[in-house]
Protein chains: 2
Amino acid sequence: MVADNIRRRKWQQNPDAVKNNILETATAIFAKDGFSGARMDDIARQTETSKRMVYYYFTDKKQLYITVLEAAYAKVRAAENELNLEGYPAGEALIRLIGFTFDYHRNHPDFVRLIQIENIHQARHLATSDIISAVNLSAIAALERLIKRGSEAGEFHSNNDALELHWLITSSCVFNITNRASFQQLYGANLFTDDGQDRLKKLIISSIMQTVLA
Amino acid sequence: MVADNIRRRKWQQNPDAVKNNILETATAIFAKDGFSGARMDDIARQTETSKRMVYYYFTDKKQLYITVLEAAYAKVRAAENELNLEGYPAGEALIRLIGFTFDYHRNHPDFVRLIQIENIHQARHLATSDIISAVNLSAIAALERLIKRGSEAGEFHSNNDALELHWLITSSCVFNITNRASFQQLYGANLFTDDGQDRLKKLIISSIMQTVLA
DNA sequence: TGACAAATTAACTAAATAGTACATTTTAAG
DNA sequence: CTTAAAATGTACTATTTAGTTAATTTGTCA
C-alpha cells in the first residue's frame, strides 16, 4: 500500500557484502548439515538478507553449494603458498608440511566437512570444478619435488611415492576432524584437547618420518 | 519373497525375511545418500515389500536409520571375535590386527560410510546406542592387552598408548574408503586397484610398526 | 531531473516427501 | 470352523522445501 511506505525502512545496496555474507552462512550450514540436510530457508534466515537474494546471486541450491566448495579450496591454496618448503632441507621441510597439514585441517573443520559431504555424494560436484583439481595437483607436484630433493641428498630412501605419501599424511589429518564426533562419543575427549592434539601431531610426524627417512 | 510372474492374489507371511530385506536395502541407501538424502520411497521401492511395511516394522526414518547402524556394528563385533590376537606374539598380532582393520573397512564400505554420515550429524544417534559403545570399547581393551604383552616381551617400546594407536590405525583404514571418491577424482585410480591397495596396506603396516617397536 | 538497471522485499506456488488411514488377507489358537 | 491378532496392500494427506512472481526501492548516468 502506498499509504504506509513511511514505515518501510531504508536500505543500502551492498552487493559484495551481501554475496559474502550468504557464502559464509551457507558454508557453515552445508558443513553442519550436509547437502541434503541443509535447508535453504535456514541459510536465508541466518543471512542478513533474504531468501530471494540467495537465489538472485546463486541461482539454486546446487550452484550455491559448488560455489561454497570452490571458495573453501581457494583458501587452502592461499595458505599453502605461504609454506615455502623449498627454503628448508628436505627432512625439515617434510616435518613442516605434515605439521601444517595437521594444523590447517584442525583450524578449518568446515572445509574438511565439506569435502566429506562431497565424498558422500561420490564427489560429483568436485568432478566439474577446474579450480579444485588445480589446487590438489599443485600440492602433489610440490611433494614430488620435495621427495626428489630428499632422495638426492641421501636423507630419504629411494622408494618413496609422492601420491602414497600424500595419502598417508592426509588420512590422519582428515580423520582427526571427520571422525571426531564419533570418537569423542565412544572414547571421551582426551585426544581432542590441545594437549591430546599435540600428542597426535607428534605421533603422525614420527610415524611418517620413520617411514620416509633412509 | 514370492517371485510373481503370475498375478499374485495370495501371499505368504514371512516377517523375518521382510525385516531383513528392508534392513539390507535401507543400509545400502543410507550409505549411498546419507540420512537426509535417503528417500523412504526409494527404500520402499527397492525393497521386495511395500512402504507400509517399512513403517510397520521400523516406525519412522530415524528408527530405521538407528537400526541400520546397530546392525552394521554388530557385524563388526562378530568379525573381530574371529581374529584371535592372543594366539600370536605381540608384533605379529599387531600386524594381523592392522591388516584385518584395513581389509574389513575395505570390504565393508557401506559400514564405513554409515559412520561417516553419523559423524556429519555429530554422532547424535550413536550417542543413544549401548550396543555400539560396547563394540568399540572392547576393541580398545583388546589393543591394550596386546600392547601390554608386547611391552613386557620387550618387543614394543614402553610409551605406546592404546587409544592413540587405535586412532592411528583407524584413520588410514577409514580414510581409504571415505575419501576414495574425491581422491580418485583428483589423482586417478592407481591407489585403488588391488595392487595399489596392497601397497597402501603395506605402507600403513610398516609405518605403524616402526612407531610401535622398541 | 528522469529514466533505466540493479538490488531488495514480501508473499506465493508446485513438487517432493515423511508419514497415515483403512481395508484386506494370512496365520494360529481354541 | 471361528475368531482375533499379525501381516500386508492401496490410496491418501499434511508438511516441508526448493524455487518463483511481482511489486518496490536504490543507484547511476545522460
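Convention: sequence-line order gives letters A, B, ...; per-chain numbering from 1.
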For A:Q63 and D:dA18, give me the distance from atom CD to atom P, rounded to whole Å.
-> 16 Å
Would you say B:S50 reaches D:dT8's phosphate, i.e. side-chain N/O to OP1/OP2 under 4.0 Å?
-> no
In plain terms, say whether B:R106 and B:D103 are close enough for a salt bridge, that is, a side-chain N and a carboxylate O under 4.0 Å apart.
-> no
Taking atom types as modelled and ignoring hydrogens, do the side chains of B:S207 and A:S207 form a donor-acceptor contact shorter than 3.5 angstrom?
-> yes
Kindly write out the residues that satisfy side-chain hydrogen bond (donor to acceptor under 3.5 Å, both in side chains) with A:D33, not counting sequence neighbours, or none if the list is empty.
-> none
d(CZ, A:F58; C1', D:dT20) in whole Å | 18 Å
Are B:F30 and B:Y65 close enough that their ring centres sit under 6.0 Å apart?
-> yes
Separation of D:dT16 P from A:D42 CG (nearest whole Å) | 12 Å
Euclidean distance, atom NZ of residue A:K19 to atom C1' of C:dT8 [Å, nearest integer] | 14 Å
Nearest-0.5 Å distance that lies between atom OG1 in A:T27 and atom CG in A:L64 = 8.0 Å
So A:D195 and A:R199, salt bridge (Lys or Arg N to Asp or Glu O under 4.0 Å) or not? Walk me through it.
-> CA-CA 6 Å; A:D195 192 57; A:R199 292 200 319 270; 3.0 Å; yes
A:L191 and B:E164, any side-chain heavy atoms less than 4.5 Å apart = yes
Quick one: is C:dT9 close enough that its OP1 or OP2 comes under 4.0 Å of any side-chain N or O from A:T49?
-> yes
Please state how far atom CD1 in A:I22 lies from atom C1' in C:dT8, giving the value in whole angstrom units.
-> 11 Å
Should A:Y56 be listed as having a side-chain N or O under 4.0 Å from OP1 or OP2 of C:dA6?
-> no
Can you give me the N/O atom pairs linking the protein to nucleotides 14-18 of chain C at distances under 3.5 Å, or say none if there are none?
unit_1: C:dT17; atom_1: OP1; unit_2: B:R39; atom_2: NE; d: 2.5
unit_1: C:dT17; atom_1: OP1; unit_2: B:R39; atom_2: NH2; d: 3.3
unit_1: C:dA18; atom_1: OP1; unit_2: B:A38; atom_2: O; d: 3.3
unit_1: C:dA18; atom_1: OP1; unit_2: B:R39; atom_2: NH1; d: 3.2
unit_1: C:dA18; atom_1: OP1; unit_2: B:K61; atom_2: NZ; d: 3.2
unit_1: C:dA18; atom_1: OP2; unit_2: B:M40; atom_2: N; d: 3.0
unit_1: C:dA18; atom_1: N7; unit_2: B:K51; atom_2: NZ; d: 3.2

Please report, rounded to the nearest Å, how far the P atom of D:dG27 is from the CG atom of A:D16.
-> 14 Å
Measure from the side chain of A:R52, starting at C-beta and using heavy atoms only, and say which of D:dA22, C:dA7, D:dG9 lies closest.
-> D:dA22
Between B:Y57 and D:dT8, does any side-chain N or O lie under 4.0 Å from OP1 or OP2?
-> yes
